[in-house]
Asks: 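This is the structure I have questions about; it appears just below.
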Amino acid sequence: MPRVALLTLGCARNDVDSEELAGRLTGDGWELVDAEQPADVVVVNTCGFVASAKKDSIDTLLGAADSGAKVVAVGCLAERYGAELAASLPEAAAVLGFDAYPDLGNRLRSVLAGDDQPAHTPVDRRTMLPISPVARPAALAAGPALPGHGWGPRTPRVRLDDSPVAPLKIASGCDRRCSFCAIPSFRGAFASRPADDVLAEAAWLAGQGVRELVLVSENSTSYGKDLGHPDALADLLARLAAVPGILRTRVSYLQPAETRPELLRAIASTAGVADYFDLSFQHASEPVLRRMRRFGSTEPFLDLLARIRDLAPRAGARSNVIVGFPGETEDDVAELERFLTAARLDAIGVFGYSDEDGTEAEGLAGKVDEDTVTERVARITQLAEELTSQRAEERIGEVVDVLVETEGEAVDEDTLGRAEHQAPEVDGACVVSEEGFAVGDLVRCRVVGSAGVDLVVEPVEVLVPAGGPA
C-alpha cells in the first residue's frame, strides 16, 4: 500500500477537512502514517487566511520536501493561489484545489508515477452555486461524498488524534461581504449541512470516544437560513445534546448582528450545551465597523453581552478584534478600549490589519502605517491581557465542570482540562490540583486560583468517568 502523511494548518474547519481526506484515502487503498514516519506522499492541508498563516504553510511545505517524499499542497492556500503557488514552489509535486478532493487517491498515485500535474486554477467561488469545499454534486457521481455535505453516501472520518474533543462542521462558505476578508472568494457561498448528517457524524464521533463537540463553520449563526429555517441551529443543539456519549456541545463563530434571541436562549438553557459565546465583534467603533462592512457599535455589543449574562450569569464570552484598519483614528482605538474594558470578555484575540489580496479593504484609502499598527496591536494586546486576567480572577470561588484532556504523567506535568467557558487552544485551560484523573473524565471543580486566563481548580467530584454514560 502506498503511504501518505497528512499535515494540517489553520483552523478547526481544516482539521475536519483533513480527517475527511484521511477517511477517503484509507478507503482508497492508502496507508495513513504519522508525519514522523516514512511516507511516499506528504499532503499539506494549508491555511491562506492571513500573511502569518500563509508563511507557516509555505514553511511546512518546504520542511516536508526535506523528507524525500512527494509533497502535495491542498487546502485554502492551494485553492486561493493555485498555479501562482505552484510556480513559486517547485518543491511541491502538485498544488490541488478543493475540486480534486473526491479523486485525491488517484491524483496522488499520478504524482507517484511522475506524471505532470496541472496546477489548480483559482475561481471566485462566490459566483458559483453554493458548494462545500469538496465539489458540486455532479462531480461526485463517480464516488461517495465526504461526510456531511448531503450528496451521496457518507464517508466516515478517520480521526487523526485521540482527544476527547472534536470539531464538527455544520456548514461551509460565507455569504457575508466583510471588506477585509477573502474567505468567501475561495470557500464559496454559505451552505448548511443537513441536520441528519450532522447528527449521524456526532454519533460516530461519540463512538470514537469523543465527549465534547465543537461546532464549526465560517458563520454558525447563518445555519439553516439557506434551508428556510432561521432557528435551525437552536433545534440542532437540542438534538446534539441528546446524542449518547456526548457530554458537551460548543458553538463557535457567531456573528453578533445575526445572533437571534432564540439562539441565545438555546445556548444558555439547553443542558449539554456549553454556556459559551464566541462573538465576532472585530472592533467597536461604528465608523471602522462600517468600513469593514459590518454592523454594530459599543452600546449594542454591550447590550448583547448583558442579555447573555441575564440568561447565564457565568457564561463565557470571547472575541477577536482587528486594529489598524484603514482610516482607524486614535478616537476609534479609544472607543475599542472603552468597549473591551466594559465587556468583561474571557478571551480576546488581537490582530493587526494587513491587506489581503482581492479584498475591498485592499483598495481603501487611509492606510495606517506599519509602525502605528504594531504599536496599536501591542497596546490593545496589553489591555486585553490585563482584562482577561481580571476576568479569570473574578471566577475564583466558582464551581466549574472540567473535561480532562491531558494527564499529568511526569513530575513536572499538570493534569489539564477545560471548563465550559474555555474553547480548545484559544481560551486558556484549567490546571487540576490533584492527580489520578483520566482523559475524558468530567470533573466538578472549585476555582481556587488563576494565572493569566488559566484557572487553578480543586476537584470536588467526578460527574462522569471516562467511557461512562453521558
Side-chain angles (χ1 to χ4, degrees), residues 2-37 39-49 53-54 56-61 63-64 67 69-80 85 92-105 107-108 111 120 132-135 143-149 154-163 165-173 183 186-187 193 197 201-202 204-205 208-210 213-218 252 424-425:
R3 295 162 299 174
V4 60
L6 275 163
L7 301 179
T8 307
L9 295 102
C11 64
R13 298 182 291 279
N14 261 13
D15 292 336
V16 178
D17 286 352
S18 286
E19 293 194 348
E20 292 173 342
L21 291 176
R24 180 175 294 281
L25 290 170
T26 55
D28 193 24
W30 287 79
E31 178 186 354
L32 190 67
V33 299
D34 293 335
E36 297 78 17
Q37 297 176 289
D40 299 300
V41 181
V42 176
V43 175
V44 180
N45 189 355
T46 60
C47 178
F49 182 42
K54 296 173 192 175
D56 289 345
S57 294
I58 297 294
D59 290 345
T60 302
L61 287 161
S67 69
K70 299 286 189 181
V71 177
V72 174
V74 300
C76 293
L77 192 70
E79 172 67 31
R80 187 174 178 187
L85 177 63
V95 175
L96 305 178
F98 295 145
D99 289 336
Y101 287 11
D103 194 38
L104 187 61
R107 295 295 295 270
L108 298 188
V111 167
H120 166 67
S132 73
V134 184
L146 294 181
H149 298 287
R154 244 186 338 266
T155 300
R157 290 163 58 173
V158 169
R159 296 212 66 210
L160 299 177
D161 62 39
D162 56 1
S163 169
V165 182
L168 177 57
K169 191 184 295 184
I170 62 171
S172 293
I183 288 176
F186 57 86
R187 280 283 182 177
R193 179 178 179 185
D197 284 355
E201 191 167 318
W204 177 80
L205 288 167
Q208 302 296 306
V210 171
L213 302 171
V214 181
L215 306 188
V216 297
S217 71
E218 277 71 30
S252 58
E425 300 182 9

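The first residue of the sequence shown is numbered 1, and numbering continues consecutively from there.
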Asks: With the threshold set at 4.0 Å, does a side-chain nitrogen-carboxylate oxygen contact exist between Arg187 and Asp17?
Replies: yes
Asks: Show your reasoning for whether side-chain contact (heavy atoms from CB on, under 4.5 Å) applies to Val216 and Ile170.
Replies: CA-CA 6 Å; Val216 297; Ile170 62 171; over 6 Å; no
Asks: Treating Asp40 as the side-chain partner and Pro2 as the backbone partner, does any N or O pair qualify as donor plus acceptor under 3.5 Å?
Replies: no
Asks: Answer yes or no: is there a donor N or O on one side and an acceptor on the other, between the side chain of Glu31 and the main chain of Thr26, under 3.5 Å?
Replies: no
Asks: Which heavy-atom pair separates Ala166 from Arg157 by the least distance, and what is that distance?
Replies: CB-NH2, 4.4 Å
Asks: Is any side-chain heavy atom of Asn45 closer than 4.5 Å to a side-chain heavy atom of Leu9?
Replies: no
Asks: Determine the minimum heavy-atom distance between Glu79 and Phe186, stating which atoms define it.
Replies: CG-O, 3.7 Å
Asks: Is a donor on one side and an acceptor on the other found under 3.5 Å between the side chain of Arg24 and the backbone of Leu104?
Replies: no
Asks: How close do Lys169 and Ala171 get, counting heavy atoms only, and between which atoms?
Replies: CG-O, 3.2 Å
Asks: What verdict does the side-chain contact (heavy atoms from CB on, under 4.5 Å) test give for Leu96 and Val72, after you've listed the backbone C-alpha separation in whole Å, the side-chain angles of each residue and the deciding distance to 0.1 Å?
Replies: CA-CA 7 Å; Leu96 305 178; Val72 174; 3.8 Å; yes
Asks: Report, as yes or no, whether the 6.0 Å neighbourhood of atom NZ on Lys54 holds more than 12 heavy atoms from other residues, nucleotides or ligands.
Replies: yes
Asks: Counting C-beta onward and ignoring hydrogens, is there a side-chain heavy-atom pair between Val42 and Lys70 closer than 4.5 Å?
Replies: no
Asks: Test Leu32 against Leu25 for side-chain contact (heavy atoms from CB on, under 4.5 Å), laying out the working first.
Replies: CA-CA 8 Å; Leu32 190 67; Leu25 290 170; 5.7 Å; no
Asks: Closest heavy-atom contact between Leu85 and Ala73?
Replies: CD2-CB, 4.4 Å
Asks: Whether the side chain of Thr46 engages the backbone of Val74 through a donor-acceptor N/O pair (distance < 3.5 Å, no angle test) should be reported.
Replies: yes
Asks: Heavy-atom count check: over 12 atoms from other residues, nucleotides or ligands less than 6.0 Å from Asp161 CG?
Replies: yes
Asks: Can you name the closest pair of heavy atoms from Asn14 and Cys76 and give their distance?
Replies: OD1-SG, 4.2 Å
Asks: Looking at Val95, Val44, Ile58, which one forms a side-chain contact (heavy atoms from CB on, under 4.5 Å) with Leu77?
Replies: Ile58
Asks: Give, for atom OG of Ser57 and atom CZ of Arg80, the distance between the pair rounded to the nearest 0.5 Å.
Replies: 11.5 Å
Asks: Between Thr8 and Ser18, is there a side-chain donor-acceptor contact under 3.5 Å, judged purely by atom types and distance?
Replies: yes
Asks: Of all heavy-atom pairs between Glu19 and Leu160, which one has the smallest distance, and what is that distance?
Replies: OE2-N, 3.1 Å
Asks: Under 4.0 Å between a side-chain nitrogen and a carboxylate oxygen: does that hold for Arg13 and Asp15?
Replies: no
